[in-house]
Amino acid sequence: MRDALTNLFSSQIILEDNSLFYYSIKPYELTNALGNIIAVLQEYNFTKKDDNNGKFSCKLYKTKEGNWYDFEDAKIGSEKGILRMLKFAIDAKEYNTTLE
């Protein structure tokens with residue numbers, strides 16, 4: 001049980017502004033209007049707990065080719081900068097992992 005909890009919270013990333021985010025990755029099936037699967041994406045679920053007990057969470061999606069897939073309704077004006085930093089940090093982390 002302890003190992004499962006360690007793996008659950010081991011995925012973390014620190015952004016340029018020193019904010020810490022925890023994240024998990026799971027497959028996400030993108031379907032069309034008829035319910036047919038048209039793509040399987042990686043869903044990144046980010047969570048940040050602020051010092052003032054506030055909580056920020058968001059989901060980002062990435063294709064198997066490494067491109068980010070954005071849902072327009074998920075974008076909020078004030079969060080675009082955070083989302084951009086999260087994408088950059090994940091790309092950098094994955095790039096460094098493949099080099100090792």
Side-chain angles (χ1 to χ4, degrees):
M1 178 70 170
R2 185 181 307 154
D3 292 335
L5 290 175
T6 301
N7 290 334
L8 178 65
F9 293 108
S10 65
S11 297
Q12 53 183 297
I13 198 153
I14 300 173
L15 300 183
E16 296 170 351
D17 62 356
N18 290 328
S19 55
L20 174 66
F21 284 84
Y22 295 99
Y23 70 95
S24 61
I25 305 170
K26 68 178 185 177
Y28 175 80
E29 295 177 345
L30 183 63
T31 58
N32 63 12
L34 299 174
N36 297 327
I37 298 172
I38 55 173
V40 177
L41 307 172
Q42 292 179 323
E43 179 183 75
Y44 289 78
N45 189 0
F46 294 95
T47 304
K48 175 189 175 190
K49 190 170 185 180
D50 291 331
D51 296 335
N52 57 0
N53 290 333
K55 192 172 184 180
F56 172 83
S57 63
C58 69
K59 293 181 181 180
L60 295 173
Y61 301 89
K62 194 172 190 180
T63 65
K64 66 180 178 180
E65 293 84 17
N67 300 315
W68 291 100
Y69 186 87
D70 292 328
F71 292 105
E72 289 301 318
D73 59 344
K75 292 182 180 179
I76 298 174
S78 63
E79 297 175 354
K80 286 184 181 180
I82 294 172
L83 297 179
R84 191 176 316 113
M85 287 192 293
L86 286 169
K87 290 176 184 179
F88 179 75
I90 288 294
D91 286 341
K93 185 175 183 178
E94 290 177 352
Y95 179 74
N96 287 337
T97 303
T98 59
L99 291 180
E100 292 176 353

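In this chain, numbering begins with 1 at the start of the sequence shown. Not measured: the values here are computed from a predicted model.
Here the closest non-hydrogen pair linking Lys93 and Gln12 is NZ-O, 3.0 Å. Residue Asn45 comes nearest to Cys58 through the heavy atom pair OD1-O, 3.4 Å, listed as atom of the first residue, atom of the second, then distance. The two atoms that bring Asn18 and Ile14 nearest to each other are CA-CG2, 3.8 Å, heavy atoms only.
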Inset, instruction - Check the pair Tyr61, Leu30 against side chain to side chain contact (heavy atoms under 4.5 Å, CB included), reporting the backbone distance first and the verdict last. - result: CA-CA 10 Å; Tyr61 301 89; Leu30 183 63; over 6 Å; no

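Ile38 and Val40 are not part of a single hydrophobic cluster, where members link through side-chain heavy atoms under 4.5 Å apart. Each of Tyr28 and Ile37 belongs to its own hydrophobic cluster when Ile, Leu, Val, Met, Phe, Trp and Tyr are linked at side-chain heavy-atom distances under 4.5 angstrom.
Remark: Ile25 engages Tyr23, Gln42, Tyr44 in a side chain to side chain contact (heavy atoms under 4.5 Å, CB included) (not counting sequence neighbours). Annotation: side chain to side chain contact (heavy atoms under 4.5 Å, CB included) contacts of Asn67 (sequence neighbours excluded): Thr63, Glu65.
Here Trp68 contributes atom CH2 and Arg84 contributes atom CZ; the two are 13.5 Å apart, rounded to the nearest 0.5 Å. Interatomic distance, Asp70 CG to Lys80 NZ, rounded to the nearest 0.5 Å: 9.5 Å.
Shown are Ile90, Thr47, Leu15; of these, the side-chain contact (heavy atoms from CB on, under 4.5 Å) with Phe21 is made only by Leu15.
A 4.5 Å side-chain heavy-atom check between Ile82 and Lys48 finds every atom pair outside the cut-off.
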